[in-house]
Protein chains: 2
Amino acid sequence: MTDTASRLDQILTKLRALDCRITPQRLAVLRILLESPGHPTMEEIYAQVRRDFPTVSLATIYKTATLLKGLGEVLEVGMRHGSSRYDAHKPYPHPHVICTHCKAILDFEELPLAELTQAIAEKTGFEIRDHQLEFFGLCPACREGGSPT
Amino acid sequence: MTDTASRLDQILTKLRALDCRITPQRLAVLRILLESPGHPTMEEIYAQVRRDFPTVSLATIYKTATLLKGLGEVLEVGMRHGSSRYDAHKPYPHPHVICTHCKAILDFEELPLAELTQAIAEKTGFEIRDHQLEFFGLCPACREGGSPT
DNA sequence: TTCTTTTGGAAAATTATTCTCCGCAAAGAA
DNA sequence: TTCTTTGCGGAGAATAATTTTCCAAAAGAA
């Protein structure tokens, strides 16, 4: 079984366990999230799902993504400007490197933020539940040709 | 001269050098940014400026903040949900600890992200220009009383 | 003063996201 | 099977945050 297939299976099992219906639309959203190598936006997912379900609405995409996010199966990557991106491959906080020109997003390997989180919790008294770390800049391609932003 | 006064002076000098007009409205926005201990939103700045300039518009606040951001004198802290916060005290990227319940924001001391930025640039070929690091959770007060989010 | 440029204000426009309402359809009960 | 309950999807409205447009007023230069 491929990674994608087993991940899909894992999520479907979780949905069933929670008495959530596996509708064709939800399945389509899930598939696209898992088949996208990158970090699609809602609009991109919407466009893809519409190829199979021309009448699907954007609200359904949002609802499904919110559901999956709530289950911890999808990570929302909040862009500072523009739409959020979604990642079903690594649904836990991890660093990103983002091109501000072409909007490309790269995952970056795990950093030892767990211990840092712990240190911050102790120092501030906060109960830390989440974090986000993003580096912004220009990707190699945009450094060359593009008009830098 | 106090820190706030010298910082204000420093920014005014920069504005003058760039032939930007120091209008009463801009001065008011600047003062509020520098007098706020926290990280105010546009709406909060707007409300404060309106006490002295009842006819000022929100657009003016945004224009001024955007100008200052462009000069590198104000940092925009992008919340994932809700309005951005602005910080004129430390206008360079630095970590924040944010309470998702009461929206409190704490600065956290500098972390050695400069060398990490350098490492990422070398590894990815990106020209890194900015980063953001935010930890989300519940502050001590909200852990106690509030209904956790 | 007169000309030119910049600024500020009001409202409209944009972008991203969420909500409401209603009919339908699936799953379990009888 | 038939009834019933509940969740789900779709259309469009609503909301929130931010930006833009347009024009008159203000400021600086000649």
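A, B, ... follow the sequence lines: proteins, then strands. Residue 1 opens every chain.
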Could you list the donor-acceptor pairs under 3.5 angstrom formed by side chains in residues 16-29 of chain B, with sequence neighbours left out?
unit_1, atom_1, unit_2, atom_2, d
Thr23(B), OG1, Arg26(B), N, 3.2
Arg26(B), NH1, Arg21(B), O, 3.0

Hey, can you pull the donor-acceptor pairs under 3.5 Å for the side chains in residues 31-40 of chain B, sequence neighbours left out?
unit_1, atom_1, unit_2, atom_2, d
Ser36(B), OG, Ile32(B), O, 2.6
His39(B), NE2, Asp107(B), OD1, 3.0

Check whether any side-chain N or O of Lys90(B) sits under 3.5 Å from a backbone N or O of Asp87(B) as a donor-acceptor pair, and report yes or no. no

In terms of heavy-atom contacts, Met42(B) and Ala65(B) come closest through CE-CB, 3.2 Å

Do you know the tightest heavy-atom contact between Gly72(A) and Pro91(A)? O-CB, 3.5 Å

Test side-chain hydrogen bond (donor to acceptor under 3.5 Å, both in side chains) applied to Glu43(A) - qualifying residues, sequence neighbours left out: none

Taking only residues two or more places apart in sequence or in another chain, which ones pass side-chain hydrogen bond (donor to acceptor under 3.5 Å, both in side chains) with Glu73(B)? Arg7(B), Lys14(B)

Who pairs with His131(B) by ring-ring contact (aromatic ring centres under 6.0 Å, His included), at least two apart in sequence or on another chain? Phe135(A)

So which pairs with a foot in residues 114-126 of chain A pass salt bridge (charged side-chain N to carboxylate O under 4.0 Å, His left out), sequence neighbours left out? Lys123(A)-Glu109(B)

Got a list of protein N/O to nucleotides 15-18 of chain D N/O distances below 3.5 Å?
unit_1, atom_1, unit_2, atom_2, d
dT18(D), OP1, Ser84(B), N, 3.0
dT18(D), OP1, Ser84(B), OG, 3.3
dT18(D), OP2, Tyr62(B), OH, 2.7
dT18(D), O5', Tyr62(B), OH, 3.3

Not counting sequence neighbours, which residues clear salt bridge (charged side-chain N to carboxylate O under 4.0 Å, His left out) with Arg50(B)? List them please. none

Strictly under 3.5 Å: I want the nitrogen or oxygen pairs between protein and nucleotides 7-14 of chain D, one per line.
unit_1, atom_1, unit_2, atom_2, d
dG7(D), O4', Arg21(A), NH2, 3.2
dC8(D), OP1, Arg21(A), N, 3.4
dC8(D), OP1, Arg26(A), NH1, 3.0
dC8(D), OP1, Arg26(A), NH2, 3.4
dG9(D), OP1, Thr23(A), OG1, 2.3
dG9(D), O3', Gln25(A), NE2, 3.1
dG10(D), OP1, Gln25(A), NE2, 3.3
dG10(D), OP2, Thr60(A), OG1, 3.1
dG10(D), O6, Lys63(A), NZ, 3.1
dA11(D), OP2, Thr55(A), O, 2.9

Rounded to whole angstroms, how far apart are [atom1] on [X] and [atom2] on [N]?
X: Glu44(A); N: dA16(C); atom1: CD; atom2: P; value: 11 Å
X: Ile22(A); N: dA27(C); atom1: CD1; atom2: C1'; value: 14 Å
X: Leu18(B); N: dT7(C); atom1: CG; atom2: P; value: 11 Å

Measuring from His101(B):NE2 to Ile98(B):CD1, what's the distance to the nearest 0.5 Å? 15.5 Å

What residues from residues 28-37 of chain B pass a heavy-atom cutoff of under 4.0 Å to DNA chain C? none

All pairs passing ring pair (Phe, Tyr, Trp, His ring centres under 6.0 Å) where residues 50-69 of chain B contributes a residue, at least two apart: none

Could you work out how much the helix from dT1(C)-dA30(D) to dA30(C)-dT1(D) bends, comparing the axis of its first five pairs with that of its last five, to 10°? 20°

Using the side chain to side chain contact (heavy atoms under 4.5 Å, CB included) definition, which of the options Thr64(A), Val74(A), Leu8(A) pairs with Leu30(A)? Leu8(A)

